[in-house]
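Each chain gets a letter, A, B and so on, in the order its sequence line appears, and its residues count up from 1. Reckoned from all heavy atoms, side chains included, excluding hydrogens, waters and symmetry mates.
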Amino acid sequence: MPELPEVETIVRDVDRLARGATIQSVDVLRPDLIVGATADAFRRCVEGRTIRRVTRRAKNIVIDLGADRLVVNLGMTGRLLVTDAGAPLPSHLGVRFGLTDRRLLLYQDVRRFGRLQCIPVGEWEERDRALGFEPLLDEFTPGALHDLARRSRVAVKTWLMDQRRVVGVGNIYASEALFRAAIDPRRPANSLSFAESERLHRAVREVLTEAIEFRGTTLLDYRDASGQEGGFSRRLRVYDRAGDACRACGHPIERIVQGGRSTFYCVRCQR
DNA sequence: AACGCGCCCTGTCCGC
DNA sequence: TGCGGACAGGGCGCGT
């Protein structure tokens, strides 16, 4: 479900709404969501701690609890919600955190592909190092993208989604960025010229930045921390538009399957 | 080492 | 109305 813009929106919401709150109780309703520890160990790690700050790394929500980090990955259908005391509980509730002032931080997940863990800072930093470039930071340059792409023969669309190189781009924004860069998603990553790498670099940044401004894309499940839908759905140029007219040239948008995932593109505009 | 595939799980939609 | 199959914002572990 959530790619960089959706996770970033949730992170900003939760930081604004819950920073400074203490987690007074932890109820794990779906233990399979907790990885690397028992539900009980997870509860002991989190309970009584204060939320110092909420940040994002790749598609992970990272909650600073002091010596430990509460790391949340939403998978496909995960939601992190801050609700007021007395609000009705959502279905498919996975973990309920009781905050000071009787508000709740809720993890909800229909498919349960998401996961939560509470780990020491050092362990988190180790995982952090294995992740690729943050596309919106200065470290991500056209040259860096081109150098990495030259080493891989996989289709550039599949390549973009691999979190070991560039993070945060998932199935929606990979298609959208390649459309904006006018690059055929089937091209091997190592076939991109430097000029094309520059175009792709700019397109990735542009589409992610615009999507954050519109608070993400809701296809079905995505909601921000207050339960609201994202506004970027109407601005998608190719994703989920198979058969519809390309907004640039009028040619019908194609849907193909790459690595088991749908790719949408314009055969006329993207070469 | 890099790559492709199957799998985790539930819900929805579409065709017959 | 019911049923089977395809598909859905992700990521991991396996075999080659």
Side-chain angles (χ1 to χ4, degrees), chain A residues 1-11 29-36 56-61 71-80 90-94 107-117 127-128 130-132 135 147-178 185-191 204 207-208 210-212 214-225 228-243 255-264:
Chain A
M1 145 209 181
E3 305 181 35
L4 185 151
E6 292 75 36
V7 177
E8 181 67 25
T9 301
I10 292 168
V11 158
L29 292 89
R30 304 300 309 225
D32 56 344
L33 292 167
I34 310 298
V35 294
R56 179 190 58 75
R57 172 71 169 116
K59 299 174 193 171
N60 301 294
I61 299 163
V71 182
V72 181
N73 188 292
L74 301 168
M76 292 281 232
T77 55
R79 294 176 182 172
L80 197 59
S91 59
H92 302 285
L93 189 54
Y107 182 77
Q108 177 195 22
D109 195 344
V110 171
R111 291 172 74 180
R112 298 200 308 282
F113 284 176
R115 51 192 171 280
L116 297 85
Q117 49 190 149
R127 257 185 56 197
D128 185 332
L131 293 165
D147 285 348
L148 288 171
R150 278 165 54 190
R151 294 191 231 156
S152 172
R153 291 170 286 113
V154 300
V156 61
K157 190 267 189 168
T158 305
W159 181 87
L160 261 183
M161 292 175 64
D162 187 332
Q163 306 297 296
R164 290 169 304 181
R165 286 98 167 212
V166 181
V167 302
V169 179
N171 209 35
I172 293 180
Y173 299 110
S175 283
E176 292 294 312
L178 287 163
R186 300 167 299 178
R187 296 256 311 272
N190 63 6
S191 74
V204 166
V207 72
L208 296 178
E210 285 177 34
I212 291 170
F214 284 87
R215 303 184 59 77
T217 301
T218 296
L219 293 183
L220 273 155
D221 299 296
Y222 167 71
R223 297 292 185 280
D224 67 21
Q228 302 295 305
E229 296 186 3
F232 198 70
S233 325
R234 293 187 319 280
R235 313 193 80 82
L236 296 175
R237 299 185 190 172
V238 288
Y239 190 87
D240 207 22
R241 297 192 66 241
R255 174 187 176 273
I256 58 172
V257 175
Q258 296 182 286
R261 319 291 300 275
S262 292
T263 301
F264 300 88

Quick check on DNA chain C: between A:R255 and A:F113, whose nearest nucleotide comes earlier from the 5' end? A:R255
Which of these nucleotides, B:dC3, B:dG11, C:dA8, is closest to any side-chain atom of A:R153? B:dC3
On the nucleotide B:dC3, are OP1 or OP2 found under 4.0 Å from the side-chain N or O atoms that A:S152 carries? yes
Interatomic distance at P, B:dA1 relative to C:dG11, whole Å: 23 Å
Quick check for you: among C:dA8, C:dG11, B:dT10, whose closest atom lies nearest to any side-chain atom of A:Y239? C:dA8
Is the base of B:dC9 touched by the side chain of A:R112 through a donor-acceptor pair closer than 3.5 angstrom? no
Sugar-phosphate only, base, or nothing, as touched by A:R164 at under 4.0 Å among non-hydrogen atoms: nothing
If I take atom CG in residue A:L148 and atom C1' in nucleotide B:dA1, what distance separates them, rounded to the nearest angstrom? 15 Å
Using the side chain to side chain contact (heavy atoms under 4.5 Å, CB included) rule, pick out the option among A:L4, A:V7, A:V72 that qualifies with A:K59. A:V7
When you measure from the side chain of A:E3 to the backbone N and O of A:G170, does any donor-acceptor pair fall under 3.5 Å? yes
Check whether the side chain of A:R261 and the base of C:dA8 form a donor-acceptor pair under 3.5 Å. no
When all nucleic acid strands are considered with a 4.0 Å heavy-atom cut-off, which category describes A:R127: base, sugar-phosphate, or nothing? nothing
In terms of side-chain heavy atoms of A:V154, which of B:dG11, B:dG4, C:dG11 is nearest? B:dG4
Complementary nucleotide for B:dC9 - Watson-Crick or wobble, under 3.5 Å: none
Over 60° means perpendicular and under 30° means parallel, so tell me whether A:Y239 and A:F264 are parallel, tilted or perpendicular. perpendicular
Quick one: is B:dG11 close enough that its OP1 or OP2 comes under 4.0 Å of any side-chain N or O from A:H92? yes
Nucleotide nearest A:Q163 when distance is taken to its side chain, options B:dG11, C:dC7, C:dG11: C:dG11
Rounded to whole Å, CE of A:M161 lies from C1' of B:dC3 at a distance of 15 Å
Tell me whether the OP1 or OP2 atom of C:dA8 has a side-chain N or O from A:S262 closer than 4.0 Å. yes
CZ of A:R150 versus C1' of B:dA2: gap in Å, rounded? 18 Å
A:R111 and A:T77 side chains, donor-acceptor separation under 3.5 Å: no
Sorted by position of nearest nucleotide on DNA chain B, 5' first, the leading residue of A:G259 and A:D32 is A:G259
Return the value, rounded to whole Å, for the distance between atom CZ of A:R57 and atom C1' of C:dG10. 16 Å
Minimal non-hydrogen separation, A:Y173 against A:V169, with atom names: C-CG1, 3.9 Å
State which of B:dT10, C:dC12, C:dG10 makes the closest approach to the side chain of A:K59. C:dG10
Is a side-chain N or O of A:R30 found less than 3.5 angstrom from the main chain of A:R112, in a donor-acceptor match? no
Does A:N171 have a side-chain nitrogen or oxygen under 4.0 Å from the phosphate oxygens OP1 or OP2 of C:dA8? no
A:L219 CG to B:dC13 P, straight-line distance once rounded to whole Å: 13 Å
Integer-rounded Å distance: B:dC3 C1' and A:R151 CZ: 16 Å
Which comes earlier along DNA chain C counting from the 5' end, the contact point of A:R111 or that of A:R115, where each point is its nearest nucleotide? A:R111
Please state how far atom CZ in A:R79 lies from atom P in B:dG11, giving the value in whole angstrom units. 13 Å
Between A:L74 (CG) and C:dG11 (P), how many Å, whole number? 10 Å
